[in-house]
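A quick write-up on the structure given underneath.
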Amino acid sequence: MSSNRRHSDAYSFESMGLELGDILSRPDVPVDVKERVRALEASVGRLQATLDDTLESVRELSEAVQQKERRQHKLEQQLIYNRKTGLPNHVVMDKDILSILDEAERCPTRKTVAAVILSLDDRYDTIKQTTETGVREWMLYRTAERLKELAPANARLYHTRENEFVIVAINAGEPQEIAHLARRIVEEVSRPMKFPDYSLSVGCHCGVSQYPEQARTKRMLLRNADIALTEAIRRKRPVIVYDWKMGHDVIEKMELQNSIIRALEEQALSEIERQFELYLQPLIEIDSIHEGTVDYHTVGAEALIRWKHPQRGMVAPSRFIPLAEETGLIVPIGYWALFSATSELETWIGTPLEQLYVTVNLSPRQFKDEHLISNIARVLKRHRIDPSRLRLEVTENSVMDDPDDSIRKIRAIYEMGIQISIDDFGTGYSSLNYLKRFPISTIKLDKSFIEDVLINKNTQGIVRAILSMADSMGMNVVAEGIETFEQARYLYAEGCTCIQGYYFQQPMTIEAFRDTAISDARVENL
Ligand code: C2E
Ligand code: MG
Ligand code: MG
């Protein structure tokens, strides 16, 4: 306020060198001039008041913008730092490593850069399955703390996957010294952790590689450390340092595996038809919630594959999709899902289901497939559906992996009239701000947020920020994994009305979906 006053002084008659009192008291000044002076003074006063108000609004506006920026920054931070350990994640590491290696390359004394990848062993998975979340989170936190203590002064530490950490150290010594450091790390991380009534321990393995000795190009540093880690796990050794023979063996193995896969692929295609089935899970829109009841209607469905294994019965996707992804078989399986979903959509034309859409999942490997765009075009040509009835779901990491290729593909898909959703949003390495570059219509909020949204203030903040940012970017949000009325009510109150979850409907056979959605559609039409 004081600055406003000073500002208004600048416009006063006194400061303009006019003695107002003199003018008004001099008898020779005509009355009408005195009145004009008074009127002039009054209007200057009004002008000043308006100016002050405007300045105040500008200040408030800039405060609001700064607050929004701070919130956005906080959200971005939450998405690039691991929530459990506070360490930077894979995205930060990818960025850092290029600049670290660039610097090492330019340095006349040739700096070395070592990468140590540490992976917790399967005891971690057992602990994960048998103890509460808090125990697991504490173990990860303690592991990170132990690593921080051991990491050399010039090293950077990243938490890249749930059970994986990476240390990148500049000029940390000869390969033997790095191997020694890695062995110390394994010893320290494996030391039991004490809880009030018991103690727990996890083992770990480390893969080591160093630039330029064991990795001639930048990209090879992490890849070679990863190969060394795979060897350490396979040979059950605490630490393995990469050597060139190891790389050769891995490539040979991969080639062999590929040729077996190619041979199996032909056979697999005919098996897919016999052994796989597509289920549909309704995506619903909440119309209103009152007195413990939710009014909603179905707007679409997600196609979810099921494997009818001849001996084991129904196998859940979580059991076989990662394996299919690893071997590459996901590509033919995924196309089968796409073809089946589209041919189902075609049968809906002219029925009450015509307005619904179906989303199909594209795995990271499928998204990378060079025939993706031409295959989607083929599907659309074969089944004459309205392309806006088909939607594709991709994960953040698929998109982030090769952003230039992703942008080209997403644009091509968008131009065909098909919308893209980002699946499991919040679990990967991207941020909404980054995703702005892509024509994406919807984000699917991962169920891990929904799990504790009612009890965790931090999650509530993230969910609210994601909803508000998505809204400001014109993206729709679907909340996944709603299992209770309270969760539905919470999200509805936060402005998220599109929901997928067991509370409303489980995934079901196509026939069951048709019955459910048709009765739903009739209710809608009443
Ligand atoms: P997703 O794409 O995120 O699919 C949603 C998963 O959440 C489905 O698991 C669904 O059954 C489950 N779900 C839905 N509502 C709830 C709920 O309220 N609570 C809980 N706990 N879970 C809920 P599903 O069918 O086991 O599929 C798992 C994953 O397998 C999918 O996750 C998707 O990534 C993948 N998948 C399934 N079908 C295909 C496919 O045709 N192609 C590809 N590439 N991936 C697929
Ligand atoms: Mg999905
Ligand atoms: Mg999902």
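Read the numbers this way: they start at 1 and go in the same order the structure lists the ligands and their atoms. Please read these numbers as outputs of a predicted model, since none were measured by experiment.
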Do NZ/NE/NH1/NH2 and the carboxylate oxygens of K128 and D125 come within less than 4.0 Å?
no
If you measure from each non-hydrogen atom of L304 to ligand 1, which part falls under 4.0 Å: side chain, backbone, both or neither?
both
Hey, what's the angle at the Mg ion (ligand 3) spanning OD1 (D423) and OD1 (D424), nearest 10 degrees?
90°
With the Mg ion (ligand 3) as the point of reference, which N/O/S atom of E480 is the closest?
OE2
Start with the C-alpha gap between M416 and L380, add the side-chain angles, then the distance that decides, and say whether side chain to side chain contact (heavy atoms under 4.5 Å, CB included) holds.
CA-CA 9 Å; M416 287 189 231; L380 287 185; 4.0 Å; yes
Does K68 NZ have over 12 foreign heavy atoms under 6.0 Å away?
no
For the Mg ion (ligand 2), the closest N/O/S atom belonging to E393
OE1
Distance from atom 7 (O) of ligand 1 to nearest protein heavy atom, with residue and atom:
K447 NZ, 2.8 Å
Checking R365 against V331 for the side chain to side chain contact (heavy atoms under 4.5 Å, CB included) test, could you report, in this order, the C-alpha distance in whole Å, the side-chain angles of both residues, the deciding distance, and whether it holds?
CA-CA 7 Å; R365 191 131 177 185; V331 177; 4.1 Å; yes
I305-ligand 1 polar pair, N/O distance under 3.5 Å
yes
Could you list which atoms of ligand 1 come closer than 4.0 Å to a heavy atom of E302?
1 (P), 2 (O), 4 (O)
Taking distance alone, with no angle check, do Q500 and ligand 1 share an N/O pair under 3.5 Å?
no
Provide, to 0.1 Å, the distance between atom 11 (O) of ligand 1 and the closest protein heavy atom, together with that atom's residue and name.
P507 CG, 3.3 Å
Per residue E302, nearest N, O or S atom to the Mg ion (ligand 2) is named OE2
Heavy-atom distance to atom 27 (O) of ligand 1: which of P282, P317, G334, P364 wins?
P317
Short N/O/S contact of D446 with the Mg ion (ligand 3) (below 2.8 Å):
no
Going by atom types only, do E285 and T497 share a side-chain donor-acceptor pair under 3.5 Å?
yes
Distance-only polar pair, side chains of H383 and T342, donor-acceptor under 3.5 Å:
no
Quick one: nearest non-hydrogen protein atom to atom 21 (N) of ligand 1, plus distance?
E483 OE2, 2.9 Å
With L392, which of I418, N361, L372 fulfils side-chain contact (heavy atoms from CB on, under 4.5 Å)?
I418
Taking only heavy atoms of S363 into account, list the atoms of ligand 1 that are under 4.0 Å away from them.
44 (N)
Neighbour count above 12 (heavy atom, 6.0 Å) for R437 CZ:
yes
N, O or S of N361 under 2.8 Å from the Mg ion (ligand 2)
yes
I'd like to know if the side chain of Y296 reaches the main chain of C498, judged simply by a donor and an acceptor atom lying under 3.5 Å from each other, with no hydrogens or angles considered.
no
Backbone N/O of E277 and side chain of K308: donor-acceptor pair under 3.5 Å
no
Number the atoms of ligand 1 from 1 as they appear, then name those within less than 4.0 Å of a heavy atom of A337, with their elements.
41 (O)
Please work out whether any backbone atom (N, CA, C, O) or any side-chain heavy atom from C-beta onward of A316 is under 4.0 Å from ligand 1, and answer side chain, backbone, both or neither.
neither
Where do R142 and E145 land on the salt bridge (Lys or Arg N to Asp or Glu O under 4.0 Å) test, with the steps shown first?
CA-CA 5 Å; R142 287 294 306 140; E145 291 300 301; 5.1 Å; no
Please indicate whether any nitrogen or oxygen in D424 is less than 3.5 Å from any nitrogen or oxygen in ligand 1.
yes
Kindly identify the option in Y502, W336, Y279 whose heavy atom sits closest to atom 16 (C) of ligand 1.
Y502
Give a yes or no on whether atom 32 (O) of ligand 1 lies under 4.0 Å from any heavy atom of the protein.
no
Contact between ligand 1 and G481 is defined here as a heavy atom of the residue under 4.0 Å from a ligand atom; is it met?
yes
Numbered atoms and elements of ligand 1 in range of G501, under 4.0 angstrom, heavy atoms
15 (N), 18 (O)
Verify, without hydrogens or angle tests, whether D424 (side chain) and T427 (backbone) share a donor-acceptor contact under 3.5 angstrom.
no
Nearest non-hydrogen atom to atom 10 (C) of ligand 1 belongs to which of E325, E480, Q505, Q281?
Q281
Before we go on, tell me: are the rings of Y141 and W138 under 6.0 Å apart, centre to centre?
yes
Short version for Q506: what comes under 4.0 Å of ligand 1, heavy atoms counted, is neither
Using a strict 4.0 Å cut-off to heavy atoms of I482, name the atoms of ligand 1 that fall inside it.
18 (O)
What residue and atom, counting heavy atoms only, is the protein's closest point to atom 1 (P) of ligand 1, and at what distance?
D423 OD2, 3.6 Å
I'd like to know if E483 and K447 make a salt bridge, using a cut-off of under 4.0 Å between side-chain N and carboxylate O.
no
Judged by modelled atom types alone, do T459 and D452 share a side-chain donor-acceptor pair under 3.5 Å?
yes
Please determine if Y503 has a nitrogen or oxygen closer than 3.5 Å to a nitrogen or oxygen of ligand 1.
no
Derivation and outcome, side-chain hydrogen bond (donor to acceptor under 3.5 Å, both in side chains), residues Y279 and Q506
CA-CA 10 Å; Y279 271 39; Q506 301 246 353; over 6 Å; no
Pairing donors with acceptors under 3.5 angstrom, does anything connect the side chains of S448 and D446?
yes
Counting from 1, what ligand 1 atoms have a heavy atom of I321 closer than 4.0 Å?
36 (N), 39 (C), 45 (N), 46 (C)
Of the protein's non-hydrogen atoms, which lies at the shortest distance from atom 43 (C) of ligand 1, and what is that distance?
N361 CB, 3.6 Å
